[in-house]
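The structure that follows is given in the form of structure tokens.
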Amino acid sequence: MFSVLLYLLSLRAKTVIGVLCLQRYCDELGESHSEIDKFCEHFLALAKAKDIKDWIESDRHLTLDGLGSPIPESIAHIPNINDIACHIREITESQLCCAYNARGAVEDLKKAAELCHVDLRSEVNLWLFLKGSLFRSEWADPVRDELYDRWISTGLSRKSSN
């Protein structure tokens with residue numbers, strides 16, 4: 001059932017989950033950087049984007065771009081940061097470059113979560129993300145504000161401190 005749910009999620013949902021994993025990873029490391037914030041904001045904006053082409057064009061300002069480009073020195077010390085960003089971008093690229101590759105998008109989400117030490121099976125409310133994923137295409141419709149707010153606030157459980 002778990003694998004089926006991952007395949008049913010829209011690209012928007014998969015991307016948001018990847019970003020939430022990255023944000024929690026950085027929080028746990030005590031890392032806060034504008035380059036990461038800009039990357040996260042850009043990819044979170046995909047959830048509500050009405051025009052995918054405009055959304056794609058808006059990423060030219062990113063210094064952490066998920067394209068494997070050299071990353072700023074200020075974040076180079078964060079373990080796996082470039083790999084995580086690349087996997088998050090690849091979730092969306094699975095549709096942009098060619099025919100939709102559902103397996104590739106799921107694998108990139110799994111890899112991003114693994115690098116962020118997030119267990120998708122137990123720490124992500126996949127049913128909540130499925131609510132915005134009933135789609136006519138891989139992108140699904142833009143996510144409504146109230147659902148987006150729920151995705152952000154309760155989609156990924158917080159790790160309890162021991």
Side-chain angles (χ1 to χ4, degrees), residues 1-29 31-59 62 64-66 80-81 83-96 100-161:
M1 179 65 118
F2 167 72
S3 292
V4 171
L5 287 177
L6 290 178
Y7 280 93
L8 290 175
L9 295 174
S10 69
L11 289 172
R12 294 173 195 264
K14 288 179 185 97
T15 301
V16 169
I17 293 169
V19 171
L20 292 174
C21 291
L22 173 59
Q23 288 176 326
R24 188 174 82 185
Y25 177 69
C26 289
D27 287 347
E28 289 176 354
L29 293 175
E31 298 289 349
S32 178
H33 299 277
S34 63
E35 294 89 350
I36 296 171
D37 292 344
K38 288 175 187 170
F39 177 85
C40 291
E41 288 167 9
H42 174 70
F43 282 89
L44 287 175
L46 172 61
K48 297 196 271 184
K50 289 182 172 70
D51 187 323
I52 300 299
K53 290 178 184 171
D54 285 346
W55 174 81
I56 293 165
E57 291 298 316
S58 71
D59 76 353
L62 298 175
L64 174 63
D65 59 14
N80 301 311
I81 190 67
D83 290 338
I84 295 166
C86 287
H87 286 299
I88 292 169
R89 176 174 291 275
E90 284 299 316
I91 293 168
T92 61
E93 294 292 322
S94 68
Q95 169 63 28
L96 295 175
Y100 179 53
N101 178 353
R103 174 171 282 155
V106 168
E107 289 307 311
D108 280 307
L109 173 57
K110 286 180 176 179
K111 288 175 188 171
E114 180 183 332
L115 289 169
C116 293
H117 312 290
V118 172
D119 183 346
L120 291 173
R121 187 181 303 266
S122 65
E123 297 181 88
V124 177
N125 183 347
L126 295 176
W127 292 102
L128 176 62
F129 286 98
L130 192 61
K131 288 182 181 181
S133 295
L134 301 176
F135 50 82
R136 293 171 289 222
S137 74
E138 296 79 19
W139 291 108
D141 292 329
V143 178
R144 293 179 328 275
D145 289 343
E146 74 178 39
L147 181 58
Y148 175 82
D149 292 343
R150 288 182 58 209
W151 280 10
I152 299 303
S153 64
T154 63
L156 177 63
S157 65
R158 301 286 176 220
K159 284 201 173 181
S160 57
S161 50

What distance do Leu109 atom CG and Cys21 atom SG have between them, rounded to the nearest 0.5 Å?
6.5 Å
Kindly indicate, with the supporting measurements, whether the criterion side chain to side chain contact (heavy atoms under 4.5 Å, CB included) is fulfilled by Val118 and Tyr25.
CA-CA 8 Å; Val118 172; Tyr25 177 69; over 6 Å; no
Side chain to side chain contact (heavy atoms under 4.5 Å, CB included) for Leu5 and Phe129? Distances and angles first, verdict last.
CA-CA 9 Å; Leu5 287 177; Phe129 286 98; over 6 Å; no
Atom pair CD/CD of Glu41 and Gln23 - distance to nearest 0.5 Å:
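Answer for the CD-CD pair, Glu41 versus Gln23, is 9.0 Å.
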Identified side-chain contact (heavy atoms from CB on, under 4.5 Å) partner of Ile17 from the options Leu156, Asn125, Leu120:
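Testing Ile17 for a side-chain contact (heavy atoms from CB on, under 4.5 Å) against Leu156, Asn125, Leu120 leaves exactly one candidate, Leu120.
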For the atom pair CD (Glu123) and SG (Cys116), what is the distance rounded to the nearest 0.5 Å?
11.0 Å
Run the salt-bridge test on Lys111 and Glu90 with the 4.0 Å N-O cut-off and return the result as yes or no.
no
How close do Leu128 and Trp151 get, counting heavy atoms only, and between which atoms?
O-NE1, 3.2 Å
Compare every heavy atom of Leu22 with every heavy atom of Cys40, then report the nearest pair and how far apart it is.
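Scanning both residues, the minimum pair turns out to be SG-CD2, 3.8 Å.
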Above 12 or not: heavy atoms from other molecules or residues under 6.0 Å from CD of Glu114?
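No, the 6.0 Å shell around CD holds no more than 12 heavy atoms from other groups.
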I'd like to know whether Ile52 forms a side chain to side chain contact (heavy atoms under 4.5 Å, CB included) with Ile56, so could you lay out the CA-CA distance, the side-chain angles of the two residues, the decisive distance to 0.1 Å, and finally the verdict.
CA-CA 6 Å; Ile52 300 299; Ile56 293 165; 3.8 Å; yes
Answer yes when Arg89 and Asp65 have at least one side-chain N-carboxylate O distance shorter than 4.0 Å, and no when they do not.
no
In short, His42 meets Leu62 closest at the heavy-atom pair CD2-CD1, 3.8 Å
How are the rings of Phe43 and Trp55 set relative to one another: parallel (under 30°), tilted (30 to 60°) or perpendicular (over 60°)?
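Phe43 and Trp55: perpendicular rings.
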Step-by-step side chain to side chain contact (heavy atoms under 4.5 Å, CB included) determination, Val124 to Leu20
CA-CA 10 Å; Val124 177; Leu20 292 174; over 6 Å; no
Kindly indicate, with the supporting measurements, whether the criterion salt bridge (charged side-chain N to carboxylate O under 4.0 Å, His left out) is fulfilled by Glu146 and Arg150.
CA-CA 6 Å; Glu146 74 178 39; Arg150 288 182 58 209; over 6 Å; no
Does the side chain of Ile152 reach to within under 4.5 Å of the side chain of Leu44, using non-hydrogen atoms?
yes
Residue pair Ala49 / Arg12: nearest heavy atoms and the distance that separates them
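It is O-NH1, 2.9 Å.
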Rounded at 0.5 Å granularity, tell me how far OG1 in Thr92 sits from NZ in Lys14.
11.5 Å
I'd like to know if Lys110 pairs up with Glu107 as an ion pair, taking the criterion as any Lys NZ or Arg NE/NH1/NH2 lying under 4.0 Å from an Asp or Glu carboxylate oxygen.
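A salt bridge links Lys110 with Glu107.
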Once you round to the nearest 0.5 Å, how far does CG of Leu130 lie from CG of Leu9?
6.0 Å
Distance from Lys38 atom NZ to Leu64 atom CG, nearest 0.5 Å?
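Going from the NZ atom of Lys38 to the CG atom of Leu64 covers 11.0 Å.
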